[in-house]
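Inspection log for the structure reproduced underneath, given as structure tokens.
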Amino acid sequence: MAPPSQLLIATNTLNRLVKEEASYHKELEKQQASIAKLEQGGGDENAEYTLKQEQRGVEETKAIFPQLKSKMQDALTKLEQQLEQDKGPGDQSSPGEINKAKDTIAATLQAIREIS
């Protein structure tokens, strides 16, 4: 079996970052829902402490997004460069890999817009 092409490696890297970004958004939504629930009906004696912990978690999650956006932009640039290199003669990428790379670029641009 032939080793994966550089284009496929760059595509998979960017896909992983997009999935990671989506995961952090889901985590943030869960944390915010938990905070809302605690603010409405915090009946137990630890509610105030739990609320502070959840708020700290939200702030930590939000702090990840700028770093993640930067990583995504770097990986996007590398993928675009690799895509340009593979257009020349002797390209080693299949049409399927090229299409997957283009789809990944589109998904990444959408994810970056959501972060901003």
Quiz item: Among all residues two or more places apart in sequence or in another chain, which pass the side-chain contact (heavy atoms from CB on, under 4.5 Å) test with Leu109?
Solution: Leu76, Ile105, Arg113

Exercise. Any chance you could measure Glu54, atom CD, to Thr61, atom OG1, to the nearest 0.5 Å?
Key: 9.5 Å

Quiz prompt | Closest contact, heavy atoms only, Leu14 versus Ala75 | solution = CD1-CB, 3.6 Å

Quiz item: Of all residues at least two apart in sequence or in a different chain, which pass the side-chain contact (heavy atoms from CB on, under 4.5 Å) check with Ala101?
Solution: Leu7, Thr11, Leu79, Leu83

Quiz prompt | Student check: side-chain heavy atoms of Glu84 and Gln81 closer than 4.5 Å | solution = no

Exercise. With rounding to the nearest 0.5 Å, note down the distance linking OG1 in Thr13 to NZ in Lys71.
Key: 12.0 Å

Quiz item: So how far is it from Asp103 CG to Thr108 OG1, rounded to the nearest 0.5 Å?
Solution: 10.5 Å

Practice problem: Evaluate the side-chain proximity of Leu51 to Gln55: yes if any heavy-atom separation is below 4.5 Å, no if none is. | Solution: yes

Exercise. Would you sort out whether Asn15 and Lys100 count as a side chain to side chain contact (heavy atoms under 4.5 Å, CB included), showing the intermediate values?
Key: CA-CA 10 Å; Asn15 272 331; Lys100 184 177 178 182; 3.7 Å; yes

Practice problem: Step through the shown structure and confirm whether more than 12 heavy atoms of other residues, nucleotides or ligands are within 6.0 Å of NZ on Lys69. | Solution: yes

Quiz item: Is a side-chain donor or acceptor of Gln110 paired with a backbone partner of Ala107 at a separation under 3.5 angstrom?
Solution: no

Practice problem: With rounding to the nearest 0.5 Å, note down the distance linking CG in Asn12 to CD in Glu97. | Solution: 9.0 Å

Self-check item: Rounded distance [0.5 Å steps], CD in Glu39 versus OG in Ser34
Solution: 10.0 Å

Residues 17-30, side-chain donor-acceptor partners within the protein, below 3.5 Å, at least two apart:
from, atom 1, to, atom 2, distance (Å)
Glu21, OE2, His25, NE2, 2.6
Glu27, OE2, Gln31, NE2, 3.4

Quiz prompt | Connected via hydrophobic side-chain network under 4.5 Å: Leu8 and Ile98 | solution = no

Quiz item: With a 4.0 Å cut-off, would you call Lys52 and Glu48 a salt bridge?
Solution: yes

